[in-house]
Each structure stands twice: as structure tokens, then as C-alpha cells.
Amino acid sequence: MCGICAFFDPELKDKDCAIQGMMDTIKHRGPSSDGKYTNDQVALGFRRLSIIDLRGGSQPIFNEDKSRAIIFNGEIYNFKPLRKELIDAGHTFTTKADTEVLLHGYEEWGMDGLLKRVRGMFAFVIWDDNTKTLYGARDFFGIKPMYYSDQNGKLIVGSELKSFLAYPGFKKELNTEAVKPYLMNQYNDLKETFFKGVYRFPAGHWFEYKDGKMKTHQYWDAKYVENSLSFEETLDKINEDLKETVDLYRNADVPVGAFLSEGIDSSYLTSLLDPEDVFSVSFDDSTYNEASKAKALSDLHGWKFFADKVDADEAMRDFPEMQYHMDEPDANPSIIPLWYLCKLARKHVTVALSGEGADELFAGYVNYGMHTHNDVIKVFTAGLKKLPKKSRVRLAHKIKKMPNFPGKVHMYTNLAEPSEFYVGQSVIYDMDYPTIFTSKDANNILRDKYKNDLTVNGIYQEDFKKVKNIDEVKQMQYIDLHHFMLNDIEQKADKISMAHSLELRVPYLDKKIAELANSIPTKYLVNRHDTKYALRKASEKVLPEEWAQRPKLGFPTPIKQWLKEPRFYKQVRELFTEDFVNDIFDQKKIVKLLDDNYKGDGSARRQIWAIYTFLVWYKLFFVDYDETVKKYQHVQPEVAELIESGRLV
């Protein structure tokens with residue numbers, strides 16, 4: 001696991017200094033070593049966290065005649081058989097690292113042929129001096145970040161946005177269009193980042209850049225064609241493929257542990273991995289304590305269990321540093337426990353397995369059809385769903401116009417087309433988890449410069465068109481995979497773990513697992529019994545039944561309670577009332593929202609947290625950036641201690 005940065009700019013004179021400055025901003029991603037390559041057109045920069053071939057895997061890596069060079073962030077889990085195939089084809093390897101497989105694989109098979117063969121998470125860049133072309137690719141799901149700016153015949157590429165800010169002459173400008181979608185989602189769901197002119201490179205794509213022009217190519221996307229396996233055969237296949245995948249993902253020359261909560265996703269993976277060390281965190285509030293049940297499973301298996309409690313004062317103090325590492329504001333409260341979980345794990349291991357992706361692939365969200373706990377409404381709706389599609393949609397439109405009644409939302413969303421109503425995880429039905437901002441409410445608190453007509457569902461329409469002919473649940477899964485998972489869940493998993501120089505591996509987001517999950521009939525995934533039903537039943541092969549049936553909790557964080565605490569309310573209010581805030585928000589309205597929440601029932605907490613998170617981030621990057629760099633551009637103390645002691649190669 002590493003960090004990469006690169007640029008194509010024939011006009012820039014001191015490329016060595018420029019690429020070094022960019023590399024320095026991401027040293028937390030690779031504290032083990034660094035490396036760079038420059039010529040008269042390009043520069044490649046690399047920070048390394050040693051995982052495989054500890055002594056010999058430094059980058060950039062070159063081919064036999066030094067005419068091609070690669071920098072790579074990620075892991076190729078099936079690199080060993082590919083390496084043998086390439087050696088048999090006549091290629092000479094100088095390292096044992098998976099990176100070199102990508103370089104020789106590009107030479108042997110081309111970009112499309114290479115990307116069809118690999119399993120892993122990756123963002124890499126190859127300079128081919130023979131054709132004077134820069135190539136790059138991002139993995140199937142976007143687990144590893146890759147950003148780019150393509151302007152005036154110059155290209156900048158990197159793992160993190162902060163490296164762009166170190167590039168000579170880069171104009172740092174806020175993308176005002178992104179503020180409203182962020183408020184509606186809790187993350188930026190646009191293709192363009194919060195920095196004007198800088199974009200996320202799309203998952204499942206590769207690019208070629210030659211003579212100042214960029215061409216992109218898609219090599220993979222989720223496809224949904226149901227298989228013919230029986231339910232029992234499906235359970236066997238899930239267990240078989242997950243076991244094979246976890247065995248691949250344990251490959252490393254450093255210790256590998258696992259994150260363990262009380263939920264099924266991490267418990268299933270950890271049981272298959274059977275590691276020495278597992279890690280869990282909880283809060284002082286007993287309502288949010290996942291560690292006790294995780295320890296019970298650890299004791300059952302004999303794993304060494306490490307746990308920590310998140311201190312509220314410490315979390316609110318460290319929150320700006322978390323947002324600095326996120327690059328863009330992200331108001332998902334689970335960032336906080338993840339920060340301390342990574343910090344804890346990094347003291348003991350360099351690699352940890354985590355359960356991201358299971359909900360999107362195996363239909364774990366209540367929004368997919370389990371909005372109500374009323375059995376009568378469930379049965380009635382199930383009967384209505386047997387109507388012809390056109391009749392169902394007409395009925396849904398009539399229900400939508402009716403006055404509110406118990407089960408109305410459940411009935412409407414189970415009969416209507418998802419493209420008409422689905423707004424992902426910005427609304428979670430029938431749970432004590434209020435919405436964020438509606439389009440109207442977001443515009444109501446923003447200054448005119450930041451208002452627009454965008455809606456959450458409107459942003460989804462481009463992707464809904466790609467899956468309009470498949471069943472409704474899989475349509476929603478596709479949307480979540482390409483929005484919530486891609487732009488929120490994976491971003492925080494990568495950025496927060498790499499802030500602590502920890503490699504996080506996510507076996508559910510393996511190409512093989514995804515292709516299996518996408519072929520499972522929906523009736524096995526979500527039904528009257530439960531969400532994520534097939535995965536739960538498959539997990540019973542290795543988990544006690546009690547664990548397999550546990551409800552989804554996410555990573556709950558007590559922000560409702562925190563915002564009712566006088567000291568934290570005061571901390572948030574002080575930021576809300578700073579002078580710069582009035583340029584973006586109607587300051588009186590957001591302060592009133594905060595005050596009313598403090599005095600009331602706390603139901604505006606998600607809105608307040610979204611505003612607070614944005615203001616923390618904005619102040620870091622646009623008000624006090626010089627101070628931000630001085631304060632946060634370093635490796636974490638636990639990593640510095642490993643370097644000092646010589647335990648980090």
C-alpha cells in the first residue's frame with residue numbers, strides 16, 4: 001500500500017523539485033521509503049508502505065531496457081500465477097513484488113488484457129518512453145483513489161488531492177457546485193471534486209495520455225445475470241468463493257489482522273481468516289458498544305483481542321485532522337470510530353481485513369425492501385408486487401398522492417420504479433436516523449452562489465439508465481455501488497487507514513465475489529425473512545447462528561448525544577459564527593438550526609453535522625491552509641515510533 005503522484009508538463013523546468021513537493025504531502029501513505037522518475041516531459045513520484053518483497057519492491061520499477069516505468073498503489077492478489085505466466089513468456093523480473101507483474105503484463109497483454117486478468121485493488125501509472133504515452137488505471141470498484149486534472153495540455157494525477165496543492169502554479173479554487181450535493185448526501189457525489197478542475201478518475205477505467213490529450217476506456221462494470229443455482233448451492237458457493245478470496249488476501253510479508261465488530265460482515269471474514277490479532281472499538285455510551293460481542297467471538301476462536309474506547313473530547317479534538325486526511329468533507333460519523341480503530345490496529349499489524357462492500361453486493365440495506373416491521377403491510381405489498389409492472393407503477397403514483405398512513409412509504413417504494421424515488425443512504429426508512437438535507441432545505445440555507453437545481457435522485461439518473469431493465473433491488477444495489485460505496489465508504493476506508501499507514505483489505509469487494517453476488521437471484525438476497533439473507537445463511541457454516549442473525553448496525557457514533565453536550569454545542573457554535581461562514585451560508589439560519597437542535601430532540605443532528613464538517617474542512621483548506629500543513633503533514637506518532645525502533649522496513 002502506497003501513495004502515488006505524477007504529472008505530464010513539458011514546460012515545467014524543475015520537475016524533480018515539483019514531484020518531491022507532491023510526494024511530501026502524502027508521506028503518511030508510505031513512510032517506509034520514496035522514489036521518483038523524471039524526464040523532459042513527465043515526473044512520477046512514489047511513497048512506499050512495505051507489504052510484499054520488503055527489501056526489493058521499491059518504486060518506480062522499470063522494465064528490462066528501462067524504457068518503461070511504473071508507480072503503483074494497491075495489491076494484486078493473484079500476482080503469483082501471473083508472474084509465472086510472464087516469466088514463461090520470456091520476461092525478466094528483478095523483484096518479487098506484485099508491481100512488476102503490472103508492468104510486464106502491460107507489455108505482454110496491453111492495458112485491456114492485463115486488467116481482465118488481475119484481481120485486486122489498485123491505482124497505477126505507467127510511462128512508456130517508446131510511445132511517449134502515460135497510461136493509468138483504477139480498480140474495479142474504486143477502492144484505491146485516483147484524482148486527475150487535465151488542463152491546457154498538462155495532466156496531474158495522484159492518490160490524494162492534497163498533493164495537487166503542492167504542484168507549482170496549481171490554482172486552488174472551491175468548486176461551488178459541490179457544496180449542495182454534499183449537504184444532501186454527507187459526501188460529494190459529483191465527478192468533479194471540491195477543488196475546481198480536479199476530478200475523480202472513474203472506477204473500472206483506464207486512460208492513455210499522449211501529446212496533451214487524454215482518452216479513457218472502461219474495462220469493467222457490474223453486470224446482473226441471474227444464475228440457476230439452488231438456494232443451498234448458492235450458500236455453498238458463497239462460502240467456497242469467500243474462503244478462496246480470504247486465503248488470497250492473507251498474502252503479505254508483514255502481520256495481517258482483522259477488524260471485528262458484532263455484525264455478520266466482519267465476523268464472517270474474520271472467522272475465515274482466523275488471524276492472530278483482531279481489533280474493535282466502542283464508545284463510553286453503552287448504546288454504542290460493539291466490543292463486548294466481538295470479544296465473545298474472539299474468545300470462542302482464541303484470537304488475541306485488542307479493544308479501545310473512543311473518548312468524546314479526544315474525538316472532537318482530532319476531528320479536523322480526520323477531515324484533513326479525507327481531502328474532501330465527509331460527514332459520515334463512522335469516520336470517527338474508524339480513525340481510532342486504525343490507530344489501534346497500526347500498533348500491532350500493517351495489514352487488516354475489513355467488511356466493506358457486503359451490504360451493496362448482498363443487499364444489506366433496509367432501503368432495498370425491508371422498510372417496515374409490520375407483517376401485514378409486508379404481506380399486502382408482496383401481493384401487490386405480483387401485478388403487471390405498468391399496473392404497479394400506476395398504483396404507486398396513486399399511493400404517493402394519498403395522505404400519510406402507516407406503511408405508505410413502504411408500499412410506494414416497493415411498487416414504484418427506483419429511478420423515481422431512490423435517494424440512496426441519504427434517507428433511511430423506519431429507523432431513528434433522520435434525513436440529511438432535501439434539495440429545497442439545502443438551497444434555503446445557502447447563499448445564492450452555492451444554490452442549484454441538483455437533487456440526489458437527479459444525480460443518479462445517468463446510472464439508472466444503465467440498469468433500467470433489471471429488477472428493482474439490483475437497480476438500487478447498482479446505484480449504491482457507484483455512489484455511496486464509491487464516493488463515501490471507500491474514500492473513508494482508504495484515507496483514514498492510510499492516515500495511519502495501515503493497509504486495509506476488503507475481500508467482499510473482490511471481482512470474483514462481486515460477480516457471484518450479482519448473479520444471485522434477488523429472492524435469495526432480500527425477502528420476508530431478512531436483508532442480506534443468503535450471506536447470513538452462508539455464514540452459519542462458520543459462525544454461531546446468533547451472529548449470523550444479528551441486525552445491521554453500521555458503525556454508530558453518538559453525535560446526537562455529543563451535540564447536546566454544552567461544551568460541544570459551544571465548540572460547534574463558535575465555528576458557525578465565524579465571519580467566513582456568512583459568505584457561504586445564511587448564518588442566522590444555521591445558528592438557529594443548531595440552537596433549536598440543542599434545546600430540542602436532536603433530530604437535526606445529521607444536518608448540523610454536515611454543516612459542521614464542511615466548515616471544519618473549508619477552514620483547513622481555504623482559511624488556514626499554511627497552518628494546516630504545519631500541523632498535520634506528518635506520519636502518525638504510532639508509525640513514527642515503529643520507524644524509530646526499526647520495526648518498520
Side-chain angles (χ1 to χ4, degrees), residues 1-50 53 56-74 76 94-95 97-107 111 114 122-139 144-150 153-170 198 201 206-212 214 498:
M1 191 60 57
C2 310
I4 61 173
C5 50
F7 60 81
F8 176 94
D9 186 351
E11 296 178 8
L12 184 63
K13 300 300 181 187
D14 195 350
K15 292 182 175 61
D16 189 82
C17 183
I19 199 68
Q20 187 64 53
M22 295 176 72
M23 291 158 56
D24 289 345
T25 66
I26 56 170
K27 58 187 175 184
H28 53 276
R29 294 188 73 93
S32 305
S33 64
D34 64 9
K36 57 193 171 187
Y37 165 81
T38 63
N39 62 28
D40 60 343
Q41 292 183 294
V42 302
L44 311 180
F46 172 74
R47 294 289 324 198
R48 186 185 189 205
L49 177 63
S50 304
D53 192 6
S58 295
Q59 298 180 32
I61 289 177
F62 298 87
N63 68 336
E64 294 90 337
D65 65 4
K66 309 293 184 186
S67 65
R68 298 179 174 111
I70 185 172
I71 49 174
F72 161 57
N73 169 32
I76 304 301
T94 58
T95 74
D98 52 349
T99 308
E100 200 169 359
V101 165
L102 293 174
L103 183 60
H104 292 306
Y106 153 73
E107 293 182 299
M111 289 293 284
L114 166 66
F122 51 84
F124 66 84
V125 172
I126 293 173
W127 171 251
D128 190 331
D129 206 45
N130 299 310
T131 61
K132 308 299 180 186
T133 304
L134 197 67
Y135 295 91
R138 191 178 182 196
D139 65 62
K144 292 291 99 187
M146 178 183 272
Y147 302 98
Y148 74 98
S149 175
D150 178 15
K154 300 172 184 178
L155 180 71
I156 312 172
V157 181
S159 298
E160 297 195 7
L161 288 169
K162 57 183 67 69
S163 68
F164 288 58
L165 307 186
Y167 183 77
F170 178 82
V198 184
F201 189 74
W206 64 273
F207 72 81
E208 52 185 322
Y209 193 87
K210 182 178 175 65
D211 297 329
M214 188 178 197
M498 290 311 298

Check: C5 and M23 side chains under 4.5 Å, non-hydrogen atoms: yes
Mutual orientation of the aromatic rings belonging to Y147 and F164 [parallel < 30°, tilted 30-60°, perpendicular > 60°]: perpendicular
Side-chain heavy-atom pair M146, V125 within 4.5 angstrom cut-off: yes
Side chain R47, main chain D24, donor-acceptor under 3.5 Å: no
Heavy-atom donor-acceptor pair, Y37 side chain to I61 backbone, under 3.5 Å: no
Contact check, side chains of T99 and F46, non-hydrogen atoms, under 4.5 Å: no
Centroid separation Y148 to F207 less than 6.0 Å: no
From CA spacing to verdict: side chain to side chain donor-acceptor pair (under 3.5 Å), N130, S67: CA-CA 6 Å; N130 299 310; S67 65; 3.2 Å; yes
Backbone of D9 reached by a side-chain donor or acceptor of K15 within 3.5 Å: yes
Salt-bridge criterion met for K36 and D16 (N-O under 4.0 Å): yes
Side chains of V198 and F170 in contact at under 4.5 Å (non-hydrogen atoms): yes
Plane angle bin for Y167 and F7 - parallel if under 30°, tilted between 30 and 60°, otherwise perpendicular: perpendicular
Heavy-atom donor-acceptor pair, Q59 side chain to F72 backbone, under 3.5 Å: yes
Heavy-atom donor-acceptor pair, N63 side chain to R68 backbone, under 3.5 Å: yes
CA sep, side-chain torsions, deciding dist, call: I156, M22, side-chain contact (heavy atoms from CB on, under 4.5 Å): CA-CA 10 Å; I156 312 172; M22 295 176 72; 3.6 Å; yes
